[in-house]
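Written out below as structure tokens is the structure these notes cover.
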Amino acid sequence: MFKNFNKYGLNFFRLMFEKHKIITSIWIVLTISMSVFPSINVRLSKLSIDSINKISQDNAFYQLSIEFLLLIALSTIISSILSAITNLIYAKIKKDIVYIVQKRFYEKLSYISIEKFEDDTFYNKLLMAYGAINRNGTDIIKYFILVIQNILTISGLFIILYSVHWSLSLGLFLSALPGTILLFIGKTMRYKMDINNSQTNRYMSYTASMFMNKNALKEIKLFNIGGFLLEKWSVLYKIIVKSDFKLLVKEERFKTYGVVLLQLSNFLIAVLLISRIQHNQITIGDYVSLIAAASSVQASLGTIGAYLGQIFEISLYNRALLDILYKDIDDKDDCRLESVNNIETIEIKNLTYKYPGTNRYAIKNINLSINKGEKIAIVGDNGAGKTTLVNILLGYYSSYSGDIFVNNTDLKNITLESYIKQVSAILQDFIKYKYTLKENVALGDISQIENEAALKNVIIVAGMGKKLNEFDKGINTVLSKEYEGGEELSGGEWQKVAICRAMLKNTNIIVLDEPTAALDPLAELEIFDLFNKVSKDKTTIMISHRLGITRFADKIIVMKNGEIAEQGRHDDLMALEGIYKKMFLAQSNWYI
């Protein structure tokens with residue numbers, strides 16, 4: 001556990017001092033200084049009770065007992081004020097550290113390879129890391145400081161108890177030890193349960209999200225599948241609850257064992273103290289204060305066990321968070337790599353790839369040349385490997401075999417950042433951001449976000465000028481009815497917004513990866529025609545399982561089962577009497 005504290009806790013300790021050096025120091029000092037109050041109160045309680053007990057013998061003890069009561073009240077008030085101050089200081093520190101960690105977490109995710117998200121193991125780690133943000137790492141430091149505070153508190157109380165009999169301190173310590181050990185066991189079991197249930201939790205959360213998704217609700221109503229989804233969610237929920245309840249039973253059993261041991265020690269302490277009173281070795285004030293001291297020691301020992309358990313649990317979860325923040329850094333560009341400022345040629349040789357955790361090749365032995373200004377159409381049935389090929393060309397997947405040469409330089413020897421700057425794409429699942437039209441377009445090149453003239457120009461060129469004029473708020477209209485004054489766009493209009501983004505980036509290569517799959521063939525042709533016009537002399541790669549795009553292509557690539565089955569111009573492929581001709585004849589009625 002202490003190894004985990006050193007590894008994970010010190011990262012957050014360093015962050016706390018980097019952000020708030022002074023108030024963190026004040027918080028630590030105040031928190032530790034509060035350890036003296038329990039011993040002070042025990043001593044004052046003893047003196048107060050002894051004074052009250054002697055009032056009948058001498059009235060002078062009346063004034064003394066009042067003074068002791070005032071001191072007890074003053075001690076409690078000061079302790080409460082200091083507690084409030086430390087809580088407020090810590091809340092400030094914690095919120096700022098949560099912000100820093102969340103920002104770094106999301107920033108890191110924006111750099112992590114898309115390929116990692118294809119790996120179920122990484123995705124489980126990702127969910128654990130996100131959960132660790134809520135189990136804030138600063139709490140490790142908080143609990144550690146509170147452990148020190150309670151140890152100092154116990155030390156003072158142990159001295160008081162030891163003065164009566166050495167067995168009191170030892171007995172209290174030994175009675176609390178089993179409960180602490182059982183607590184650690186319970187925390188470890190809960191962590192393992194969360195790991196084992198992570199996939200079930202994902203399915204459950206996904207199913208529940210369907211009832212909050214407007215588009216999903218349309219299908220739920222249309223096909224009357226609400227009952228089916230609710231039943232599916234219920235089954236998953238019950239699996240989680242059953243597992244959680246089973247663990248809860250064990251945790252409560254552990255707690256019961258701890259309580260039994262503590263109460264047994266309380267009984268023995270009380271018997272010992274009563275025997276001391278019987279022999280006039282201690283006063284009633286001693287008895288009351290020592291019982292209070294014993295209770296405080298037990299409470300502090302239990303608190304220490306709970307805090308150590310929290311440190312142990314948070315450290316387990318923060319392992320995943322800090323692995324993502326500091327270990328998964330394979331995507332950072334090496335200073336020894338070359339930069340590319342212009343893409344003249346791309347040469348693909350024997351390119352082969354299979355997704356993590358699978359044995360089936362998504363693409364195999366791909367050989368392809370792409371020259372500047374060429375318009376390449378890649379066609380084939382769904383699952384032919386078209387999108388996988390494009391994902392590799394876009395730099396998303398890097399664990400391929402074979403070679404990709406950009407301007408005769410191996411792509412793996414080129415900085416990913418410089419390569420991505422030369423490539424733009426309209427993907428099949430492009431995002432319809434629920435932001436303003438201005439922001440939706442500017443996301444293609446965020447440096448242009450205040451250049452409204454440039455943004456409006458690409459909107460007009462992309463055929464959205466009329467729509468722009470219809471908006472009351474113009475370019476600042478939010479593209480969602482979920483927000484006040486928002487507007488909805490049709491599927492074709494969203495395609496044009498995506499084209500605007502690609503145009504604004506102004507790159508050497510533009511990829512169009514089946515973003516029109518949801519449109520009818522003629523609407524798709526309209527979008528491809530627009531894309532062809534705005535791409536001008538750029539190198540373009542167009543992908544579709546429909547052949548309407550081939551009318552714009554200089555070279556047609558036909559893919560089947562992850563391999564290039566045919567390539568050439570339209571007339572050449574028709575003369576082959578192969579896959580392309582069969583597809584073309586089957587689809588020709590869509591375009592006549």
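No hydrogens, no waters, no symmetry mates; every other heavy atom, side chains included, goes into these values.
Contact annotation: the side chain of K364 never approaches that of Y353 to less than 4.5 Å [non-hydrogen atoms, C-beta and beyond]. In this structure, the side chains of F122 and P356 stay at 4.5 Å or more apart for every pair of heavy atoms. Side chains of L126 and F105 form a contact here, defined as non-hydrogen atoms less than 4.5 Å apart. Looking at L389 and L351, their side chains come closer than 4.5 Å, going by heavy atoms from C-beta outward. Residues K434 and K481 have side chains not in contact (no heavy-atom distance under 4.5 Å, counting atoms from C-beta outward). Using a 4.5 Å heavy-atom cutoff, the side chains of Q448 and L504 are in contact. The side-chain heavy atoms of L437 and V478, taken from C-beta on, include no pair separated by under 4.5 Å. Counting heavy atoms from C-beta on, the side chains of H20 and K92 come closer than 4.5 Å.
A donor-acceptor pair is defined here as one N or O able to donate and one able to accept, closer than 3.5 Å; such a pair exists between the side chain of K505 and the backbone of V423. Looking at T86, its side chain does come within 3.5 Å of a backbone N or O of L82 through a donor-acceptor pair. Distance alone, capped at 3.5 Å, places no donor-acceptor pair between the T24 side chain and the K21 backbone. Of the possible polar contacts, none joining the Y361 side chain to the Y355 backbone as a donor-acceptor pair under 3.5 Å is found. When atom types are taken as modelled, the side chain of S418 and the backbone of V340 share a donor-acceptor pair closer than 3.5 angstrom. Listed for the R501 side chain is a donor-acceptor partner under 3.5 Å among the backbone atoms of N440. Side chain of N508 to backbone of I343: a donor-acceptor contact under 3.5 angstrom is found. No donor-acceptor distance shorter than 3.5 angstrom exists from the side chain of S243 to the backbone of I240, with no hydrogens or angles considered. Distance alone, capped at 3.5 Å, is enough to place a donor-acceptor pair between the S33 side chain and the L30 backbone. In terms of modelled atom types and a separation under 3.5 Å, the side chain of N407 and the main chain of N342 share a donor-acceptor contact.
Applying the 6.0 Å contact sphere to OH of Y99 captures no more than 12 heavy atoms from other residues, nucleotides or ligands. No more than 12 heavy atoms of other residues, nucleotides or ligands lie within 6.0 Å of OH in Y435, so this atom counts as exposed by the packing criterion. Within 6.0 Å of CZ on F245 lie no more than 12 heavy atoms contributed by other residues, nucleotides or ligands. In this structure, Y483 places its OH atom where only 12 or fewer heavy-atom neighbours from other residues, nucleotides or ligands lie under 6.0 Å away. Atom CD1 of I446 has more than 12 neighbouring heavy atoms from other residues, nucleotides or ligands inside a 6.0 Å radius.
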Run the side-chain contact (heavy atoms from CB on, under 4.5 Å) check on L321 and V101 step by step: do they pass?
CA-CA 9 Å; L321 174 62; V101 172; 3.8 Å; yes
Working note: Q495 + L489, criterion side-chain contact (heavy atoms from CB on, under 4.5 Å); need CA distance, chi angles, decisive distance, verdict.
CA-CA 10 Å; Q495 310 287 340; L489 297 183; over 6 Å; no
Show, in sequence, the C-alpha distance, side-chain angles and deciding distance for N476 and T436, and conclude whether the side-chain hydrogen bond (donor to acceptor under 3.5 Å, both in side chains) test is met.
CA-CA 5 Å; N476 293 307; T436 63; 5.0 Å; no
side-chain contact (heavy atoms from CB on, under 4.5 Å) evaluation trace for D410 with F405
CA-CA 4 Å; D410 193 329; F405 294 98; 4.3 Å; yes
Checking I509 against I346 for the side-chain contact (heavy atoms from CB on, under 4.5 Å) test, could you report, in this order, the C-alpha distance in whole Å, the side-chain angles of both residues, the deciding distance, and whether it holds?
CA-CA 10 Å; I509 295 177; I346 296 178; 3.4 Å; yes
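Rounding to the nearest 0.5 angstrom, the gap separating the OG1 atom in T387 from the CG atom in L427 is 9.0 Å. For the atom pair OG of S205 and CH2 of W233, the computed distance is 10.5 Å after rounding to the nearest 0.5 Å. We find the CD1-CD1 distance between I510 and I499 to be 9.0 Å, quoted to the nearest 0.5 Å. The structure places OG1 of T31 at 6.5 Å from CD of Q149, a figure rounded to the nearest 0.5 Å. Atoms CE and CG, on M34 and N150 in that order, are 10.0 Å from each other to the nearest 0.5 Å. Here CE of M16 is found 4.5 Å from CH2 of W27. Values are rounded to the nearest 0.5 Å.
Summarising the geometry of I78 relative to F37, their closest heavy-atom pair is CG2-CZ, 3.6 Å, with the distance given to 0.1 Å. When every heavy atom of P38 is checked against every heavy atom of T153, the shortest pair comes out as CG-CG2, 3.4 Å. Heavy atoms only, all atoms of each residue included: I366 and G562 are closest at CD1-O, 3.5 Å. When all heavy atoms of K438 and I449 are compared, the closest pair comes out as CE-O, 2.8 Å. I426 approaches A498 most closely through the heavy-atom pair CG2-CB, 3.6 Å. The two atoms that bring Q422 and N341 nearest to each other are OE1-O, 3.4 Å, heavy atoms only.
Under the 4.0 Å criterion applied to side-chain N and carboxylate O atoms, D139 and K94 are assigned as salt-bridge partners. The pair K432-E488 fails the salt-bridge criterion, with no side-chain N (NZ, NE, NH1 or NH2) lying under 4.0 Å from an Asp/Glu carboxylate O.
For S447 and D445, the side-chain atoms include at least one donor-acceptor pair closer than 3.5 Å. A donor-acceptor contact closer than 3.5 angstrom links the side chains of Y90 and T138.
Both the sub-6.0 Å distance and the 45° axial angle are satisfied by K412 relative to the ring of Y400.
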